[in-house]
Trainee: 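I have a structure here, written as structure tokens, and I will follow up with some questions on it.
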Protein chains: 2
Amino acid sequence: MAEKQHRMTRQRRIILETVKGLKTHPTADEVFGLVRKRLPRISLGTVYRNLDLLTEQGIIRKLDTAGQQKRFDGDISPHYHIKCVKCGKIDDLYFELPKPSSEWTANTSFQILEYNVELLGICPQCQKKMKQH
Amino acid sequence: MAEKQHRMTRQRRIILETVKGLKTHPTADEVFGLVRKRLPRISLGTVYRNLDLLTEQGIIRKLDTAGQQKRFDGDISPHYHIKCVKCGKIDDLYFELPKPSSEWTANTSFQILEYNVELLGICPQCQKKMKQH
DNA sequence: CTATGTGCAAACTATTTGCCGTCTG
DNA sequence: CAGACGGCAAATAGTTTGCACATAG
């Protein structure tokens, strides 16, 4: 079963450069907005297709956060995230999580693969906004 | 600022009974399907409105799991969830997680509110299916 | 050359909302 | 009997897909 050959098109390269060049965690349409400055005729569908492809290849990360809109991350080193409950903005957290203990899973017959922690909080900007009231 | 008065309508009561009566973690439209057996004219919009209202009141829980479709849980006691990566089914896990250590959040200026843990794994049925190949 | 990729628009999925008549408290 | 609520259908948000043409390798 040969893998499908992938081509490094202009669109794919610029999408990749854009995501890698950001310290934020953009949604698909934020990426679309930025990429469109360099490739005005690119379509949102292409952005979605490439973000998913790059994620499958492990070159970028698709964040498994709660909420309707997916976000992407050019930083694939192991780290976690905190999300602002007011505005949805995400910040990076670097720490090591304990291994899942066998006691956690004593009552399930699921086979454990991995686990993820998501912190929720309020970002500095939204903290400021709240003080004004 | 007086709270809005809420009425216990037939629809709301039956939606609540349905969610509380399940050991599974139904999506809005699974609830809709079940409730419709007792109230054939109920609309999906009503189900959504009531699930959200009951969640705000803390009577049921809206699961903050990754993925496109939200799931609800009639069990509001503190516990975590594991989700099958193949079929999306959810199982309950009861254990105590260590409190977030200050070291986790040393590098962020977000104000921490809470955190959520989601385990990923493979459910028994999907394990069986995989062995057949 | 040819299969992979793109642009475009339409389709789709999950959820929300406006309107207006109904029913609870 | 007033205001909360429900049914219905249309609207919205985010994402996916079919198709015909373009292009990387």
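Order of the sequence lines fixes the chain letters, A, B, ..., with proteins taken first and strands second; residue numbering starts at 1 for each chain.
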Trainee: Nearest whole Å is fine: how far is D/dG14 P from A/L51 CG?
Mentor: 15 Å
Trainee: A/R49 has an atom CZ; how far is it from atom C1' of D/dT15, in whole Å?
Mentor: 12 Å
Trainee: A/N50 CG to D/dT16 P: how many Å, rounded?
Mentor: 13 Å
Trainee: With a sphere of 6.0 Å drawn around CD of B/E96, does it hold more than 12 non-hydrogen atoms of other residues, nucleotides or ligands?
Mentor: no
Trainee: Step through the shown structure and confirm whether more than 12 heavy atoms of other residues, nucleotides or ligands are within 6.0 Å of CZ on B/R10.
Mentor: no
Trainee: Take a 6.0 Å sphere around CG of A/N107 and say whether it holds more than 12 heavy atoms from other residues, nucleotides or ligands.
Mentor: no
Trainee: Output the residues of residues 12-43 of chain A in contact with DNA chain D, where contact means a heavy atom of the residue under 4.0 Å from an atom of the strand; sort by number or write none.
Mentor: none
Trainee: Going 5' to 3' on DNA chain C, which nucleotide is the first and which the last to come under 4.0 Å of a heavy atom in chain B?
Mentor: C/dA14 to C/dG25
Trainee: Give a yes or no answer on whether the side chain of A/T9 reaches the backbone of A/R12 with a donor-acceptor pair at less than 3.5 Å.
Mentor: yes
Trainee: How close or far is atom C1' of D/dG7 from atom CD of B/Q11, stated in whole angstroms?
Mentor: 9 Å
Trainee: Would you say B/H6 reaches D/dA4's phosphate, i.e. side-chain N/O to OP1/OP2 under 4.0 Å?
Mentor: no
Trainee: Atom CZ of A/R10 to atom P of D/dT23: distance rounded to whole Å?
Mentor: 10 Å
Trainee: What's the OH-P distance between B/Y48 and D/dA11, to the nearest Å?
Mentor: 19 Å
Trainee: What integer distance in Å separates A/L44:CG from D/dA13:P?
Mentor: 14 Å
Trainee: Would you say the ring centers of A/W104 and A/Y115 fall short of 6.0 Å from each other?
Mentor: yes
Trainee: Are the side chain of A/R71 and the backbone N or O of A/H25 linked by a donor-acceptor pair below 3.5 Å?
Mentor: yes
Trainee: How many whole angstroms separate atom CD of B/Q5 from atom C1' of D/dC5?
Mentor: 14 Å
Trainee: Whether the side chain of A/K86 engages the backbone of A/Q125 through a donor-acceptor N/O pair (distance < 3.5 Å, no angle test) should be reported.
Mentor: no
Trainee: Scan side-chain atoms only and decide if A/H81 and A/D92 contain a donor-acceptor pair under the 3.5 Å cut-off.
Mentor: yes
Trainee: Please confirm whether the backbone N or O of A/L39 pairs with a side-chain atom of A/Q11, one donor and one acceptor, at under 3.5 Å?
Mentor: no
